[in-house]
Enquirer: 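My structure is below; once you've seen it, I'll send some questions.
Keep in mind that this is a model prediction, so the values were computed, not measured.
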Amino acid sequence: MSVGDAGTVSPTTAVVLDEEPVVEVSPPGPVRHWWATHPNSAYVIRRFGIYVLTLWAAITVTFFFFRLIPGNPIGAYIQNLQQNYAYNAQASAKVVDHYKEVFGLNGNLLTQYLHFMRQLVFHLNFGPSLISYPDSAQSVIAGALPWTVGLLLLATIIGWILGVAAGAFVAWRRNSPISEAATYVAIAAAHIPFYFVGLLLLFALSFSLAWFPSGYAYSSDLSPAFNLTFIGSVLYHGILPALSIVIVGVFGNMLGMRQQMITVLGEDYLTFARAKGLMPWHILRRYAVPNCYLPQVTGLLISFGFIFNGNILLENLFNYPGVGHLLVTAIQQLDLNTVMGITDIAIFVVITAVFVIDLILPLLDPRIKYTR
């Protein structure tokens, strides 16, 4: 609007405001589009990338940690040979050079690391074992692994099943005197180490009552064979170490399951199930327990990874020829390849178990969705 000569207001041209420039958004590329339209596959790829990176970092740290430990394994081995055999200085020097090359100890730490990773990635080879030369470290570990897996795996599963069942029952009957007494006992017993329970069982059932043998995996007058006599001897000798693991495992899993059950007993779906007239045990088995066992399954799968370490103190207490006993022997003799092999296998199993847990949880609980 403008003011004319007669003082009247006359219309003028409208003021045109500056228009904001239109920003054109380019469509996403094919990779980004696929990533956005396949969230589950994208999640698996991301988790696998993190899994590989974590595995590489853990193995790398383990390598440099053990290589920086003071001591000269080859020198100690050669010194032992000199004490038992006639080696002159020149021959010993040649033997040292040969063993350094065989065990991958030539060059600096970076050269040794690249040699170790190349052998591990492309050949799945940890190198020769110093305590059983010229056997490879993986063959020595493979000889001890069945004893550890057979003992700890079975005992862990039994302890988990009994503990989850007991925890569900104790929580369901939480106001009864039996439930309260069992809870107090579990709180005290769950924190007792395996080896202390093993000591008590060894003293009471082996030394005092002589019901069970005090150690080793089978009778000394038997040779390993697939027959009933040898299998029975293995089972008989494994009762005390397995019972040590089962006792502590039952009480620990019972407390965990009870804690989970207490949090869901007041939920509306359980009240609705009672209002429908369903039997109490049916409500417990079909409604309460399935909503509580996810943390227990996670703990069980992670514990499988630690089985490959062996229960070091327990196996040495019972002189059981498992991975834990082998690990102590390898450390005492500075057998770095065997020590790193046991440690790397345990790292691999634990990290793989966590990766598998992340992938299978949606199958156990449909409420879990892997979307961003």
Enquirer: Anything under 30° is parallel, anything over 60° is perpendicular, the rest tilted; go ahead and classify Trp147 against Tyr320.
Expert: perpendicular
Enquirer: Could you state the interatomic distance from CG (Leu162) to CD1 (Ile247), rounded to the nearest 0.5 Å?
Expert: 11.5 Å
Enquirer: Counting only heavy atoms not in Tyr195, do more than 12 sit closer than 6.0 Å to its OH atom?
Expert: no
Enquirer: Membership question, hydrophobic clusters at under 4.5 Å side-chain separation (ILVMFWY): are Phe122 and Phe348 in the same one?
Expert: yes
Enquirer: Does a sphere of radius 6.0 Å around CD in Gln259 hold more than 12 heavy atoms from other residues, nucleotides or ligands, not counting ones at 6.0 Å or beyond?
Expert: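 No, CD of Gln259 has 12 or fewer neighbouring heavy atoms, counting only those of other groups under 6.0 Å.
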Enquirer: Using a 6.0 Å cut-off, check whether atom CG of Leu209 has over 12 heavy atoms from anything other than its own residue.
Expert: yes
Enquirer: Output, in order, the C-alpha distance, side-chain angles, deciding distance and verdict of side chain to side chain donor-acceptor pair (under 3.5 Å) for Ser206 and Ser214.
Expert: CA-CA 6 Å; Ser206 180; Ser214 60; 4.6 Å; no
Enquirer: Given the rule in the side chain to side chain contact (heavy atoms under 4.5 Å, CB included) test, do Ile131 and Leu326 qualify, once you have shown the distances and angles that lead to the verdict?
Expert: CA-CA 10 Å; Ile131 61 178; Leu326 175 64; 3.6 Å; yes
Enquirer: Consider only side-chain heavy atoms of I, L, V, M, F, W and Y, link residues closer than 4.5 Å, and tell whether Leu68 and Phe66 are in one cluster.
Expert: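 Leu68 and Phe66: one cluster.
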Enquirer: First locate atom CG of Leu151, then atom CD1 of Ile239, and finally report the distance between them rounded to the nearest 0.5 Å.
Expert: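 Between atom CG of Leu151 and atom CD1 of Ile239 there are 11.5 Å.
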Enquirer: Do Val250 and Leu255 share a hydrophobic cluster, counting only Ile, Leu, Val, Met, Phe, Trp and Tyr and linking them when any side-chain heavy atoms are less than 4.5 Å apart?
Expert: no
Enquirer: Which is it for Met117 and Ile59 under the side chain to side chain contact (heavy atoms under 4.5 Å, CB included) test, yes or no, and what are the steps along the way?
Expert: CA-CA 9 Å; Met117 292 300 294; Ile59 293 176; 4.1 Å; yes
Enquirer: If only side-chain N and O atoms count, and only distance matters, is there a donor-acceptor pair under 3.5 Å linking Ser129 with Asp335?
Expert: yes
Enquirer: Looking only at side chains, do Ser136 and Ser139 share a donor and an acceptor under 3.5 Å apart?
Expert: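 The answer is yes; a qualifying pair exists.
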